[in-house]
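What follows is a single structure, written as structure tokens, with notes after it.
The first residue of the sequence shown is numbered 1, and numbering continues consecutively from there. Counting convention: from 1, in listed order, for ligands and their atoms alike.
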Amino acid sequence: MYRSHNCGELRASHINTEVTLAGWVQKSRDKGFIVWVDLRDRYGITQLVFDEERTSKTMMEQAQNLGREFVIQVKGNVIERASKNPNIPTGDIEILVSELNILNKALLPPFTIEDKTDGGEDIRMKYRYLDIRRNPVKNSLIFRAKVAQEVRNYLSNDGFTEIETPYLIKSTPEGARDFVVPSRMNEGEFYALPQSPQTFKQLLMVGGMDKYFQIVKCFRDEDLRADRQPEFTQIDCEMAFVEQEDILNVFEGLTRHLLKEVNGVEIEKFPRMLYDDAMRLYGNDKPDIRFGMEFGELNEVAQHKDFGVFNNAELVVGIAVPGGNTYTRKEIDALIDWVKRPQVGALGMVYSRCNDDGTFKSSVDKFYDQGDLAKWAEVTDAKAGDLICVLSGDKNKARAQLSALRMELATRLGLRDPKVFAPLWVIDFPLLELDEETGHYHAMHHPFTSPKPGQIELLDTNPGDVKANAYDLVLNGNEIGGGSIRIHDKGTQAIMFKHLGFTEEEAKAQFGFLMDAFEYGAPPHGGLAFGLDRLVAILGGQETIRDFIAFPKNNSGRDVMIDAPAPIDDAQLTELSLKLNLKS
Ligand code: ASP
């Protein structure tokens, strides 16, 4: 038996018990005649004591030579500590060691195994197994497991069956590039790793499984924008014989359950917002509604004067920054520079100060009088003491830019409290999205999403106006999940593929299996998927998903610990019938 107790377990009630513990040396203090060692395992820290009077000379020497992170086993008696440590649960006791067994030595770790470590991100990722010994990472992984467990509990109790789907498949278009795997047995052919189990879960519905879920890895070869991973985990679900309302209810229930069980937060009904309203009021399809600062559209009250910038703009839109009138001229100039950064891309920003005496002072006083500015204040809901920030230009761009500014200012104002949870559904997404570069429409969600009833004809005339039975769950300004009611008949699916630019042959080659299945009695169905990594990070009150992934990849998609990806040798290439054609 390696241990009778763990390192977080012993209390005053154990005094005078003989125990065996095993763990890592966190640190030791050597006073010559007495040595204290902090022994750590996943459960906590227990203090060991070796003292000259009661410990043999050899063991005393051994204790003095213990290095950080040595793995040891000790036997000893639980005794009361002379100076207690109220900060740790085992702080009332220590172990007077009678037997010390070094199970494994350790090199000096390249960073300190402390909550606040001296190790930077790169070195911690290279030695992730050491990083995992630190409380913040360890606790995040345990937290993730709890969330996953609660998901399983909830869905299983609701009659969902957890079913695995294959990883070696054919492309699933979720809007990213596929990772591909060469097939040795099928020369010149490749599997794709699933961007999601989308088509399989639909086939499970055709198979009559009715309520499916899976906590599953998905793979997307995207340029890694901030805080994305090339492989990530979804809580993937699908249900048959359902309408949108049924799905929203089940997964609102799941989210409510998680918030309650994991965070102790009770939220009644989640608000629902139309996609069009989210874009109009927040410039964003994943609005953070923990705070106000809603957009006010100013075209009507700002396009009647000689200010060409506004007159030529498709949209003039502003927000009121609470208390923003205290900003100095210099601070406002810095804000203007902030919106002009290439990442945001605004050409400039107009502002109006809302003075305490009810007057206004704007950067465009030459064009707008007090009466005009009062209207701006009304439209943006600005109060005395606020600052109105106004952007203009192309509608979509101005909205995106103002949304970025809104989030930035809210962060600076401390309005994005990670302990406050504000979930909402965004519904009625457009079916298609115009790709500005190619001028082609592509599916906003994915090609299997069904248009709203009665809108299919619109596809020919106004494709951009067609709405879908598609919905996202948004939490604190993050999309944590999304899904749709699916197309379940071959005819509609064929029309959809046509509009997405597939020829009949292409659609058949890529998705013939699904179209065929639709001819054998496909039930109406729909579903959604939550991003588990992000959900866990938000519930855990953190911004970055990396801390909640045991072995994450860096921004270039590399695992720096195992050093992957890596070249393979010629023999392996030959076996796969592959020849490299490297650019560099
Ligand atoms: N497969 C979709 C996704 O990965 C989710 C869904 O529609 O159920 O976003």
Residue shell for ligand 1, any heavy atom closer than 4.0 Å, reads Glu174, Ser196, Gln198, Lys201, Arg220, Gln234, His445, His446, Gly482, Gly483, Arg486, Gly527, Leu528, Ala529
Donor-acceptor pair, side chain of Arg406 and main chain of Val321, under 3.5 angstrom: no
Are any side-chain N or O atoms of Lys138 and backbone N or O atoms of Arg42, one a donor and one an acceptor, separated by less than 3.5 Å? yes
Does [X] pair with [Y] as a salt bridge, N-O distance under 4.0 Å?
| X | Y | result |
| --- | --- | --- |
| Arg128 | Asp559 | no |
| Arg546 | Asp533 | no |
| Arg134 | Asp115 | no |
| Lys508 | Glu504 | no |

